[in-house]
Amino acid sequence: MSALKKLIFPQPANVSTSAPASDAEPEENLLPPPRPPMSASPPRILIIGAGSRGRAYARAIISSCNGFVVAVAEPDDYKRTQFGRTMIWGVEEPPAEGAAFHGWRDFVEYETKRRARVRAGEPNVPAGIDAAFVCVLDEMHREVVVALTELGGLHIMCEKPLATSLQDCVDMYGALRSNKSGTGEQMLFSIGHVLRYSPHNMLLRKLLLEDRVIGDVLSVAHTEPVGWWHFTHSYVRGNWRRESTTAPSLLTKSCHDIDVLLWLLCSPPSCSESSQASSAPPHLPSAVSSTGGLQYFKRTRKPLAAGKATNCLSCPIEDSCKYSAKRIYVGGELAGLGSANTHWPVSIVVPDIESYSGGDAAREALLSELARDYDEGMPDSQIAQRNWFGRCVYESDNDVCDEQVVTITWDEDPLPALPSATAAESALVSDPMRGRGAKTATFHMVAHTKKICDRYTHLYGVDGEIYADSTTITVQDFRTGQTTTHRPRLESLGHGGGDAGLARQFVLAVDKVKNHGWATDKAQKELIGCTLEEVIRSHALVFCAEEARKGKKVVDWSDWWAREVEQNLAELSA
């Protein structure tokens, strides 16, 4: 069992082998794995970006990891102060030297000077950090990560997506490969593909690739239901509404769904999972296609009764519109202020909402922000610079897909016979089609759902089928007629424990390298469980799917990869 799975599955998952399955769950399955023991010099972590994702990872580090958050870089004064008081220095004390920065550039400047002070033999220089979590806006990932690699000597975790263009992803790949330690080892890297680290998906991968409960997979249908009002918050009114300022919604919302499909269908088990498969190359796709577009959130769908209104607070049908900003952010029906919620999504509209004394003051601040609007006289560059959470969803400047289907196909790709094979390789080649037969995967991103990001997946194999949702994995075995239901532990609400799992594995890997003599390559494979090659592959497939969608064509994956990725990587190495 891999080091990652020993933490994810400290005890057997609950399994029922009779139908209908019992709803009872042993109490131990509801408990998270224990926090790894602290070393004498625990990893010291910097969070760059104190928004919702930065706070989520910081909470995960505090609750689940054997390291400490010791610094934050955030340009917003309120966010930085609140983060520091909550996560680092507390309410009573001011931040220590090297604990608070106005932004990532300030950190790089400080750290450069701090290292110079150490080299000069200056006494009492504060300790540096070991690793950084990059949680800034997507379009800033490239410049921040590249700058950290140029600084050198830091392990890096970058929130998904890696970058907002394929060229930026390739550039970052090259920079990360050159990020070396003092001994010449490549530093650790992790991407925010949190779905890999939830107990649910870890068990699903084990059932498919190790236990082979349904034999070879023939097809997969995977759905991400974004949620009817969640989509308007993030992709119509919010940060990720315009492809020109961020990226396609397939990348910003669903790149880790594409990654999970490739993780299940391309990547062989690691050395620690299966010695027989350790030498197998990935089974790569043969073709990619995609359809979809902006189907609903546009002016042609606007109710006639709304007239010329462009803002919810001045709309004649606001009180009957399900997309009313007052209903979503102020009311008590969904997750608004009226439900006593001051966190997401309310805090995205007014970041300092908790600083207002009394409910009336907070409500007025929220309504004041929602009333902000623009007219035809405002330059588009100004409109694109900020969010407009009170804007009519039919009059917004959004252009990303609210509906998309991606189809990925694989041809048969049996392993060739090896002239001089090891015992493990010989065992693998004795079944050259194992997991490498023709198969198809479809991914559906849909906005108009009651479910909010509660993904569900159907997997069809030669010996059975699996239905997996956010809480259960149900296996139908054609050979025995038996139905088995697994209920993996729900560690937290953050992507089913994926947030905590990713943070725990990354910080644990940093600790093993820093304190226990592990090579970074060993920690990358056994604890982080994802290589740079897998990161670039899953992101590249998103851009390939977008080319297929816009061109209304089926794209040959190997040709596209050679042209768009390998050629650029070769230029980086030249």
Side-chain angles (χ1 to χ4, degrees), residues 39 41-50 53-54 57-58 60-61 65-74 87-88 96-119 125-136 140-160 162-163 168 171-192 502-524 527-528 530-532 535:
S39 298
S41 178
R44 295 167 54 82
I45 310 298
L46 163 71
I47 304 291
I48 302 178
R53 294 308 297 157
Y57 286 123
I61 292 168
C65 300
N66 61 338
F68 295 111
V69 179
V70 298
V72 58
E74 166 58 54
M87 310 288 184
I88 306 174
E97 179 189 339
F101 302 94
H102 288 272
W104 65 269
R105 289 184 176 88
D106 285 350
F107 163 73
V108 171
E109 181 181 357
Y110 167 83
E111 179 61 13
T112 301
K113 293 178 179 178
R114 191 199 67 82
R115 294 180 183 185
R117 291 161 62 191
V118 171
R119 290 193 298 270
V125 179
I129 66 162
D130 301 300
F133 278 62
V134 177
C135 305
V136 296
M140 295 172 60
H141 287 179
R142 180 193 180 280
E143 61 177 343
V144 177
V145 170
V146 170
L148 293 180
T149 63
E150 291 173 347
L151 180 65
L154 298 179
H155 306 292
I156 300 171
M157 200 300 296
C158 181
E159 174 58 351
K160 67 90 181 170
L162 184 63
D168 282 355
D171 291 345
M172 291 170 71
Y173 176 87
L176 288 164
R177 284 197 307 187
S178 67
N179 185 26
K180 302 294 180 69
S181 68
T183 59
E185 286 189 295
Q186 187 169 300
M187 303 299 288
L188 299 170
F189 177 73
S190 183
I191 186 72
L502 182 148
R504 180 171 51 242
Q505 293 308 122
F506 177 72
V507 175
L508 182 60
V510 173
D511 176 60
K512 292 294 187 184
V513 171
K514 178 182 180 180
N515 295 304
H516 301 283
W518 279 38
T520 56
D521 183 63
K522 174 181 172 69
Q524 184 79 41
L527 294 174
I528 295 174
C530 182
T531 65
L532 272 176
V535 172

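Starting from 1, each residue takes its place in the sequence as its number. On a predicted model such as this, the values are computed, not experimentally measured, just so you know. The figures that follow rest on heavy atoms only: side chains count, while hydrogens, waters and symmetry mates do not.
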A.B. asks: What is the distance from atom CD1 of Ile191 to atom CE of Met172, rounded to the nearest 0.5 Å?
C.D. replies: 6.5 Å
A.B. asks: Do Leu162 and His141 have side-chain heavy atoms sitting under 4.5 Å apart?
C.D. replies: no
A.B. asks: For a quick test of reading the model, state the closest non-hydrogen atom pair linking Val535 to Cys530 and the distance between them.
C.D. replies: CG2-SG, 3.8 Å
A.B. asks: Using every non-hydrogen atom in the two residues, find where Ala503 and Ala60 come nearest and quote the distance to one decimal.
C.D. replies: CB-CB, 3.8 Å
A.B. asks: Taking all heavy atoms of Val72 and all of Ala50, pick out the closest pair and write down the distance.
C.D. replies: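 So the minimum-distance heavy-atom pair works out to CG2-CB, 4.1 Å.
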A.B. asks: Just by distance, do the side chain of Gln524 and the backbone of Thr531 share a donor-acceptor pair under 3.5 Å?
C.D. replies: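 Judged by distance alone, no pair lies under 3.5 Å.
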A.B. asks: Has Arg115 got a side-chain atom pairing as donor or acceptor with Gly128's backbone, closer than 3.5 angstrom?
C.D. replies: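 Such a contact is absent between Arg115 side chain and Gly128 backbone.
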A.B. asks: Kindly compute the distance separating CZ (Arg504) from CG (Asn66), expressed to the nearest 0.5 Å.
C.D. replies: 10.5 Å
A.B. asks: Assess the residue pair Val144 and Phe107 against the criterion (side-chain contact (heavy atoms from CB on, under 4.5 Å)); give the C-alpha distance rounded to whole Å, side-chain angles, the decisive distance to 0.1 Å, and a yes or no.
C.D. replies: CA-CA 11 Å; Val144 177; Phe107 163 73; over 6 Å; no
A.B. asks: Rounded to the nearest 0.5 Å, what's the gap from NZ on Lys512 to OG on Ser39? Could you check?
C.D. replies: 7.0 Å
A.B. asks: Give me the one residue out of Ile129, Val510, Leu46, Asp130 that meets side-chain contact (heavy atoms from CB on, under 4.5 Å) with Leu154.
C.D. replies: Ile129
A.B. asks: So Leu502 and Met157, do their side chains get closer than 4.5 Å, heavy atoms only?
C.D. replies: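 Contact flag for Met157/Leu502 side chains = yes.
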A.B. asks: Taking all non-hydrogen atoms of both residues into account, name the closest pair between Pro42 and Lys514 and its distance.
C.D. replies: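 Of all heavy-atom pairs spanning Pro42 and Lys514, the closest is O-NZ, 3.2 Å.
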A.B. asks: Between Tyr57 and Arg53, is there a cation-pi geometry (under 6.0 Å to ring centre, at most 45° from the normal)?
C.D. replies: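 The answer is yes; both the distance and angle limits are met.
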A.B. asks: Show the nearest heavy-atom pair for residues Asp168 and Ala163, with the distance to one decimal.
C.D. replies: CB-CB, 3.5 Å
A.B. asks: When rounded to the nearest 0.5 angstrom, what is the spacing between CZ in Arg114 and CD in Glu109?
C.D. replies: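 So the CZ of Arg114 and the CD of Glu109 are separated by 14.5 Å.
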A.B. asks: Could you check if a side-chain atom of Leu148 sits within less than 4.5 angstrom of a side-chain atom of Ile48, using non-hydrogen atoms only?
C.D. replies: yes
A.B. asks: Got a donor-acceptor contact below 3.5 angstrom from the Glu159 side chain to the Val134 backbone?
C.D. replies: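 Absent.
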A.B. asks: Say you draw a straight line from CG of Asn179 to OG1 of Thr520; how long is it, rounded to the nearest 0.5 Å?
C.D. replies: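 The distance works out to 10.0 Å.
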A.B. asks: I would like to know whether Phe68 and Ile61 meet side-chain contact (heavy atoms from CB on, under 4.5 Å); could you show each step before the answer?
C.D. replies: CA-CA 7 Å; Phe68 295 111; Ile61 292 168; over 6 Å; no
A.B. asks: Classify the angle between the aromatic ring planes of Tyr110 and Phe101 as parallel (below 30°), tilted (30 to 60°) or perpendicular (above 60°).
C.D. replies: tilted
A.B. asks: Can you check whether Ser41's main-chain N or O pairs, donor with acceptor, with Asn515's side chain at less than 3.5 Å?
C.D. replies: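 Side chain of Asn515 to backbone of Ser41, a donor-acceptor pair under 3.5 Å: yes, one is there.
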A.B. asks: Quick check: do Gln186 and Leu532 have side-chain heavy atoms less than 4.5 Å from each other?
C.D. replies: yes
A.B. asks: Should the pair Glu111-Arg44 be classified as a salt bridge under the 4.0 Å nitrogen-to-oxygen rule?
C.D. replies: no
A.B. asks: Could you state the interatomic distance from OG1 (Thr149) to CE (Met187), rounded to the nearest 0.5 Å?
C.D. replies: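 Here the rounded value is 11.5 Å.
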A.B. asks: Salt-bridged, Glu143 to Arg105, with N to O below 4.0 Å?
C.D. replies: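 Salt bridge between Glu143 and Arg105, a charged N being under 4.0 Å from a carboxylate O: yes.
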A.B. asks: Taking all atoms of both residues into account, what is the closest heavy-atom pair of His155 and Leu188, and its distance?
C.D. replies: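 Nearest heavy atoms, His155 then Leu188: ND1-N, 3.0 Å.
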